[in-house]
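Working notes for the structure below.
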Amino acid sequence: MSEEKKPTNFLQDIVEEDLKGGMPKKNLGFRFPPEPNGYLHIGHVKAMSISFGLGEQYQAPVNLRFDDTNPAKEEDEYVRAIQEDIQWLGFQWAEVRYSSDYFQQLYDWAVKMIKAGTAYVDSQSSEAMAEQKGTPTKPGVAGPYRDRSVEENLELFDKMKRGEFEEGKHVLRAKIDMEHTNMLMRDPIMYRVVNKAHHRTGTEWHIYPMYDWAHGQSDYLEGISHSLCSLEFMPHRELYDWFLDQIKDDEKPLPKQREFARLNIDYTVMSKRKLLALVESGTVAGWDDPRMPTIAAMRRRGYPPQALRNFVERVGVTRRENVIELSLLEYFVREELNRTATRVMAVLDPVKVVITNYPEGETEYLSTENNPEDENAGTRELPFGRELYIERADFKEEANRKFFRLTLGKEVRLKSAYIIKGESVVKDTEGNITEIHVTYDPKSKSGSGTEESLRKVKGTLHWVAAEQAVSLEVRQYDRLFMDEAPDGHKDKEFTEFLNPDSLQLIQAYGEPSLKDRAVGERVQFQRLGYFVVDPDTDAEKTVYNKTVGLKDNWAKKTH
RNA sequence: UGCCCGAUGGUGUAACUGGCAACACGUCUGAUUUUGGUUCAGAAGAGUCUAGGUUCGAGCCCUAGUCGGGCAACCA
């Protein structure tokens, strides 16, 4: 069979053209450059998929580079978490690097620029500099320190480095063009004084490079050929190239920055700043709260790594802004889980069923398949007895013929067990049903092959034997925000759209096997959805998180 | 009153160097089913932002406009 040709995206086309244009394949290099100031989210999966994907395609190295140029925001915890997430997704980096590895080289280059007259120390307040910078429609003007002598610049810069100044007193700026149409070219800041400890270099430095000054040079030092980033960096490209021009030697090829549109998903926020705010305010339990769009949260929620990768691959890569429907992500999660998750029985909203013609005190074990989608998944035994639990919603005293569940006088099958018939109900003084009395057909046992077992009934219910049922804490999640674009309203804070019912705690009953499943194991509660064992599980309690529900056409129609 | 991006069904992406718009999700039918899941069969839904132009022929090329996004952090 011929392979189906996958369409290429514009970034692959760029690489391909560079190769055709004579770039040796061995010069190819990519990088994934997160700032360790928060956890990675689903948007980063797209970025990773692009750069790691290209690396895989061309067998070129992909570095993991922590862009750690701002000690005020960055922490080791994030470095650790980011590596864990990347490994969980299955991407492989060539080397771990840090922008801070290059602080000395960057400093030396800065000195060289000062000597060349292309960088100077500015000693004004940030307000004054902002004033001189102009606006997008108004050109900037030169500040009073722009033409300081090389000697004075060198001396001041050296003192900045040695920690002789307070933060904010001086900065080093590139001398480009205060009237440039691109604001970033109006003498951008290269260094600022920061008297804080850095997570790796400690107190060695008192000056730290800005993003624009560090990023391209780091790419250059690592031999990155294609530095791929999101659209917001588009205007930075000009500066990126300008800085490279100042420091390049003629031997080494220059990296090129290219931009793609970042991933957005409806009903969610994707900025690290906003996610941090949710964590710090206690709105969610942490970066890995299953309602968050972070990789750690999705892992805890039960999303398989392959589902995330399939998702971002399907979404594609272009330069236009996009908002993906959450249902697409959920589709890939279900697709993966349908293939792999063991089917189990659990009842989330139990009501007791008594089989009046089943012998009291007796228990039998029934065989049930682990996964009808996987022949090799095997079977397991389920206890069955006179008293059971079923879902409250699976019974109505009377119902129309569209109701494929238990009613009085009609038959349904209990999954992997027997056919039962509703006979009567017991109610409390307020009229709530406390027990449903039914009779069963002993000859209708599942898989027995008897004529009785083969007869058609209008529905099949899941159930749990009351005596052997184990209690479960089930955490059912709904979307965190009720608005399609929580951060898309100019006059409203995204937090105004928080869904008050995004977390529902449920005490449920499950079959015995649910007690001893490993943390992280994903199962399907039959007819309900996919669930995963939460790390909060311990000797006392068993906790399951709802990953995603099954598709439910009936609920949709009756809604 | 500037500069830079972008514009294809509800959503996202395709359409080789121009050859009568495809795929996935979603929606709707029907079949199968011991999960109202899965699977299978099928349907509806855009004529590609607008107006000109080039061409035998334009979603692809050109021009002008419209609309959307971005650009004034000692963040990345």
Side-chain angles (χ1 to χ4, degrees), chain A residues 5-9 33-35 37 67-70 72-74 99 122 125-126 129-131 133-140 167-173 180-184 186 189-194 207-208 210-212 214-215 229 231-238 259 261 263 266 272-273 311 314-332 334-335 338-339 343 345 368-369 372-373 402-405 412-417 419 446-447 453-454 456-457 459-462 524-530 549-558:
Chain A
K5 37 195 159 184
K6 274 186 202 159
T8 60
N9 63 52
E35 182 188 10
N37 68 340
D67 214 345
D68 57 351
T69 56
N70 184 1
K73 291 183 173 177
E74 295 149 8
S99 298
D122 199 334
S125 66
S126 59
M129 286 192 278
E131 179 67 29
K133 205 166 183 182
T135 70
T137 54
K138 190 183 117 205
E167 293 182 10
K169 291 294 180 202
H170 307 276
V171 292
L172 185 74
R173 290 230 254 174
H180 204 287
T181 53
N182 183 346
M183 297 280 298
L184 287 160
R186 322 241 259 230
I189 293 172
M190 295 170 67
Y191 278 98
R192 74 286 211 193
V193 172
V194 181
I207 53 172
Y208 290 89
M210 299 290 288
Y211 166 83
D212 289 298
H215 203 92
C229 58
L231 241 31
E232 49 187 316
F233 291 96
M234 174 81 247
H236 293 251
R237 185 149 118 195
E238 200 170 10
E259 313 79 16
L263 173 68
D266 56 5
K272 274 203 252 179
R273 206 202 91 233
F311 168 69
R314 194 74 190 87
V315 156
V317 185
T318 64
R319 289 174 66 80
R320 72 178 138 186
E321 279 140 33
N322 57 80
V323 182
I324 315 291
E325 292 172 346
L326 198 57
S327 62
L328 185 63
L329 210 205
E330 293 184 336
Y331 165 80
F332 284 104
R334 288 193 188 100
E335 182 191 51
N338 178 51
R339 281 180 35 232
R343 271 59 170 175
M345 302 268 219
T368 187
E369 52 191 347
E373 301 296 316
K402 300 280 262 181
F403 188 78
F404 300 166
R405 308 179 183 187
V412 291
R413 171 169 292 285
L414 293 175
K415 173 74 184 172
S416 297
I419 292 172
S446 286
S453 75
L454 264 19
K456 299 283 175 207
V457 291
T460 301
L461 308 185
H462 62 280
Q524 183 197 89
F525 288 0
Q526 289 196 87
R527 301 209 304 135
L528 297 175
Y530 297 98
L550 255 27
K551 268 213 300 204
D552 190 348
N553 289 318
W554 190 66
K556 210 162 21 188
K557 281 178 198 168
T558 52

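These figures come from a predicted structure and were not determined experimentally. The chains referred to below are lettered A, B, ... by the order of the sequence lines, with proteins before strands, and numbering in each begins at 1.
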Below the 4.0 Å mark, does [N] have OP1 or OP2 next to a side-chain nitrogen or oxygen of [X]?
X: Thr69(A); N: A76(B); value: yes
X: Thr318(A); N: U13(B); value: yes
X: Arg319(A); N: C5(B); value: no
X: Arg314(A); N: C23(B); value: no

Between Lys73(A) and Ala130(A), who's closer to the 5' end of RNA chain B by nearest nucleotide?
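By nearest-heavy-atom nucleotide position, the 5'-most residue is Ala130(A).
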Per-residue pairing states of RNA chain B in dot-bracket (Watson-Crick or G-U under 3.5 Å; . unpaired, | other strand) read .((((((..((((.....[..)))).(((((.......))))).....(((((..]....))))))))))).....
Determine the interatomic distance between [atom1] on [N] and the same-named atom on [M]; round to the nearest Å.
N: C49(B); M: A15(B); atom1: P; value: 16 Å
N: A43(B); M: G6(B); atom1: P; value: 36 Å
N: C28(B); M: U35(B); atom1: C1'; value: 23 Å
N: U29(B); M: A14(B); atom1: C1'; value: 27 Å
N: G52(B); M: C3(B); atom1: P; value: 27 Å
N: C75(B); M: G37(B); atom1: C1'; value: 47 Å
N: A22(B); M: G30(B); atom1: C1'; value: 25 Å
N: U48(B); M: C40(B); atom1: P; value: 34 Å

Does a distance-only test, which skips hydrogens and angles, find a donor-acceptor pair under 3.5 Å between the side chain of Glu325(A) and the base of G10(B)?
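In this structure, the two groups form a donor-acceptor pair.
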Syn or anti for G6(B) (syn when the glycosidic angle lies within 90° of 0):
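Anti, since the glycosidic angle lies more than 90° from 0.
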Touch class at under 4.0 angstrom, heavy-atom based, for Tyr191(A) against every strand present
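Result for Tyr191(A) = nothing.
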With a 4.0 Å cut-off on heavy atoms, is Val317(A) in touch with a base, just the backbone sugar-phosphate, or nothing at all?
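Contact class for Val317(A): sugar-phosphate only.
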Starting at the 5' end of nucleotides 28-49 of chain B, put B wherever the base has a protein heavy atom under 4.0 Å, S where only the sugar-phosphate does, and a dash everywhere else.
------BBBBB-----------
Which of the following nucleotides, A76(B), C71(B), C74(B), is nearest to the side chain of Ile189(A)?
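Given the options A76(B), C71(B), C74(B), the side chain of Ile189(A) is closest to C74(B).
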Could you check which of G26(B), C4(B), U13(B) has an atom nearest any side-chain atom of Asn322(A)?
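Of the candidates, U13(B) comes closest.
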Whether Tyr211(A) and Phe233(A) hold their rings parallel, tilted or perpendicular, with breakpoints at 30° and 60°
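Answer is tilted, since the angle falls between 30° and 60°.
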